K.L.:
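Okay, here's the structure, questions in a sec.
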Amino acid sequence: MLKTILVSLLLLISGLSIAGECEDNFSKSGGMFKGGNFSSSVTVPNLSVKDGMGQMRGIMIREKMDVLTEDAESGTLLVEQRATGATRAIPTIIVISSEGTGAKVEMTVKTEKGMIAKAEDMKPYMCKLLAQVKGGKEGKLAGSKGSKTQNNTDTTNRDVFIFSREIANEARKNAVAVNARHKGRSYSLKGRIDYIQEDGEDYNVSFEIPEIHEMVLRPLPNEAQFRVGVACLFRPNQLAWVLTMRAKQSVTFTGTFYRYDDFKKMVWLENCKQVNKK
């Protein structure tokens with residue numbers, strides 16, 4: 001009993017120590033007009049880079065973030081808070097390096113220009129996350145569990161035109177990031193069918209997306225000046241549904257993000273299904 005109490009007390013003291021270190025190391029640079037960087041770091045004793053990576057993966061996914069890239073050799077993890085209709089995507093970079101018998105965990109949250117974020121809000125948020133990293137046996141178990149955690153699979157509902165413009169504006173900034181950001185995400189898209197055709201063993205059903213010159217509201221100068229097409233790939237077991245589809249028909253399709261082709265300016269969702277109308 002006494003041993004259990006002592007272990008619990010040591011863990012509490014360790015957690016408080018890490019939280020205090022995080023607050024001391026917190027820094028902010030940049031601002032609303034250039035974009036901001038919020039950074040801090042903690043050193044966790046008896047922790048390997050591998051276990052630290054696993055823990056941070058699990059911690060950030062539990063925070064409803066998506067893992068974009070992960071490099072175990074360099075100890076680098078890039079996660080992103082998913083964009084919504086009201087907020088833009090917010091990336092967080094985590095770097096873990098050996099520090100004696102422990103590991104140093106560095107976190108940087110990056111905000112784009114025009115976004116308002118206060119240091120007094122960011123500091124406790126970041127320190128709460130870093131305080132969850134554990135060392136020793138507990139850290140090994142948490143690292144193993146966290147490394148197996150998968151990205152949030154909630155389905156995002158979108159009008160297909162809005163979705164198309166979101167992808168276009170993301171590709172304008174960095175086309176390489178589009179696939180990293182969206183690959184494997186589940187989407188439910190509503191729009192009208194443009195055409196239906198065979199695509200290998202799949203069936204390609206493309207949505208109607210107007211050309212730039214056909215848009216009622218033209219893109220602003222700081223937005224993408226190109227159109228991104230959107231299509232759904234249906235597997236052979238969905239042929240009965242595909243045969244009932246018609247051009248100009250209003251539909252809602254669900255599927256997972258398969259690929260964005262920047263040369264063709266085209267997005268494909270795979271394993272698509274048609275949502276039944278109630």
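Computed over heavy atoms, backbone and side chain alike; hydrogens, waters and symmetry mates excluded. Heads up: numbering here begins at 1 and tracks the sequence. Bear in mind that the values here come from a model prediction, so they are computed numbers and not experimental data.
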K.L.:
Hey, what do you get for CE (M126) to CG (L129), rounding to the nearest 0.5 Å?
P.N.:
8.5 Å

K.L.:
Where do I209 and G229 come nearest, in terms of heavy atoms and distance?
P.N.:
CG1-CA, 4.4 Å

K.L.:
Would you indicate whether the side-chain heavy atoms of E208 and I193 approach each other to under 4.5 Å?
P.N.:
no

K.L.:
Minimum heavy-atom separation for M60 and V79, please, with both atom names.
P.N.:
CE-CG2, 3.9 Å

K.L.:
Show me the side-chain donor-acceptor pairs of residues 92-103 shorter than 3.5 Å, one per line, residues at least two apart or across chains.
P.N.:
none

K.L.:
Taking the side chain as everything from C-beta on, heavy atoms only, tell me whether M53 gets closer than 4.5 Å to E70.
P.N.:
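Side chain of M53 against side chain of E70, heavy atoms only: contact under 4.5 Å found.
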
K.L.:
State which residues pass salt bridge (Lys or Arg N to Asp or Glu O under 4.0 Å) with K265; sequence neighbours excluded, sorted by chain then number.
P.N.:
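Result, salt bridge (Lys or Arg N to Asp or Glu O under 4.0 Å) vs K265: D262.
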
K.L.:
Roughly how far apart are S188 OG and D159 CG, rounded to 0.5 Å?
P.N.:
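The CG atom of D159 is 11.0 Å from OG of S188, to the nearest 0.5 Å.
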
K.L.:
Is M65 reachable from V133 through a run of I, L, V, M, F, W or Y residues, each pair having side-chain heavy atoms under 4.5 Å apart?
P.N.:
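Same cluster: V133 reaches M65 through Ile, Leu, Val, Met, Phe, Trp or Tyr contacts under 4.5 Å.
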
K.L.:
To the nearest 0.5 Å, tell me how far S206 OG sits from D199 CG.
P.N.:
11.0 Å

K.L.:
Check whether any side-chain heavy atom of S41 sits under 4.5 Å from a side-chain heavy atom of V105, and report yes or no.
P.N.:
no

K.L.:
Report whether V230 and V242 are members of the same hydrophobic cluster (ILVMFWY, side-chain heavy atoms less than 4.5 Å apart, transitive linking).
P.N.:
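They do share one cluster, since a chain of ILVMFWY contacts under 4.5 Å joins V230 to V242.
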
K.L.:
Do K123 and K28 touch side chain to side chain, with heavy atoms closer than 4.5 Å?
P.N.:
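They are not in contact (no side-chain heavy atoms under 4.5 Å apart), so the answer is no.
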
K.L.:
Quick test of your reading: applying side-chain hydrogen bond (donor to acceptor under 3.5 Å, both in side chains), list the pairs with at least one residue in residues 219-236, sequence neighbours left out, ordered by first then second residue.
P.N.:
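Listed once each, the pairs are E201-R235, D202-R235.
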
K.L.:
Atom SG of C127 and atom CD of E21: how far apart are they, to the nearest 0.5 Å?
P.N.:
9.5 Å

K.L.:
Which atom pair, heavy atoms only, marks the closest approach of P219 to R165?
P.N.:
CG-NH2, 3.5 Å

K.L.:
With side-chain hydrogen bond (donor to acceptor under 3.5 Å, both in side chains) as the criterion, how do S27 and S39 come out once you've worked through the C-alpha distance, each side chain's angles and the decisive distance to 0.1 Å?
P.N.:
CA-CA 5 Å; S27 65; S39 301; 4.6 Å; no

K.L.:
Yes or no on side-chain contact (heavy atoms from CB on, under 4.5 Å) for R158 and E166, after CA distance, side-chain angles and deciding distance?
P.N.:
CA-CA 10 Å; R158 283 282 190 277; E166 288 175 346; 3.0 Å; yes

K.L.:
Quick one: do V205 and F234 satisfy side-chain contact (heavy atoms from CB on, under 4.5 Å)? Show the steps, please.
P.N.:
CA-CA 8 Å; V205 183; F234 288 80; 3.7 Å; yes

K.L.:
What distance separates K110 NZ from E112 CD, expressed to the nearest 0.5 Å?
P.N.:
10.5 Å

K.L.:
Could you label the plane-to-plane angle of the H182 and Y187 rings as parallel, tilted or perpendicular, counting under 30° as parallel and over 60° as perpendicular?
P.N.:
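Tilted: the ring planes of H182 and Y187 meet at 30° to 60°.
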
K.L.:
So does R185 pair up with D66, basic N to acidic O under 4.0 Å?
P.N.:
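Salt bridge between R185 and D66, a charged N being under 4.0 Å from a carboxylate O: yes.
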
K.L.:
Group every Ile, Leu, Val, Met, Phe, Trp and Tyr by side-chain heavy-atom contacts under 4.5 Å, then state whether V178 and V176 land in the same group.
P.N.:
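V178 and V176: separate clusters.
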
K.L.:
List the steps, then state whether side-chain contact (heavy atoms from CB on, under 4.5 Å) holds for V267 with R259.
P.N.:
CA-CA 6 Å; V267 164; R259 187 165 67 94; over 6 Å; no

K.L.:
Is V109 close to I90 at the side-chain level, that is, under 4.5 Å between some pair of heavy atoms?
P.N.:
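Side-chain contact under 4.5 Å: yes.
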
K.L.:
Do Q55 and K50 touch side chain to side chain, with heavy atoms closer than 4.5 Å?
P.N.:
no

K.L.:
Examine V228 and V160 and state if one hydrophobic cluster contains both, with Ile, Leu, Val, Met, Phe, Trp and Tyr joined whenever side-chain heavy atoms are less than 4.5 Å apart.
P.N.:
yes

K.L.:
Check for me, please, whether Y125 and F26 land in the same ILVMFWY cluster - side-chain distances under 4.5 Å, paths through other members count.
P.N.:
yes

K.L.:
Ignoring hydrogens, what is the shortest heavy-atom contact between C22 and V42? Give both atom names and the distance.
P.N.:
CB-CG1, 3.6 Å

K.L.:
Hey, could you give me the OG1/NZ distance between T254 and K273, rounded to the nearest 0.5 Å?
P.N.:
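Interatomic distance, T254 OG1 to K273 NZ, rounded to 0.5 Å: 7.0 Å.
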
K.L.:
Shortest non-hydrogen contact from T149 to R57?
P.N.:
O-NE, 2.8 Å

K.L.:
Could you check whether F207 and F161 have their ring centres less than 6.0 Å apart?
P.N.:
no

K.L.:
What pairs of donor and acceptor atoms, side-chain ones from residues 114-122 against any protein atom, are under 3.5 angstrom apart with sequence neighbours left out?
P.N.:
none

K.L.:
Linking Ile, Leu, Val, Met, Phe, Trp and Tyr through side-chain heavy atoms less than 4.5 Å apart, which residues share a cluster with W268?
P.N.:
L233, Y258, M266

K.L.:
For E198, does the CD atom have more than 12 heavy-atom neighbours from other residues, nucleotides or ligands under 6.0 Å away?
P.N.:
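Atom CD in E198 is not packed in, count stays at 12 or less.
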
K.L.:
Could you report the tightest heavy-atom contact between F257 and I167, atom names first, then the distance?
P.N.:
CE1-CD1, 4.2 Å

K.L.:
Taking only residues two or more places apart in sequence or in another chain, which ones pass side-chain hydrogen bond (donor to acceptor under 3.5 Å, both in side chains) with K190?
P.N.:
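Checked K190 against side-chain hydrogen bond (donor to acceptor under 3.5 Å, both in side chains); zero matches.
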
K.L.:
With side-chain contact (heavy atoms from CB on, under 4.5 Å) as the test, would you mind laying out the steps for L189 and T252 before giving the verdict?
P.N.:
CA-CA 5 Å; L189 303 179; T252 300; over 6 Å; no

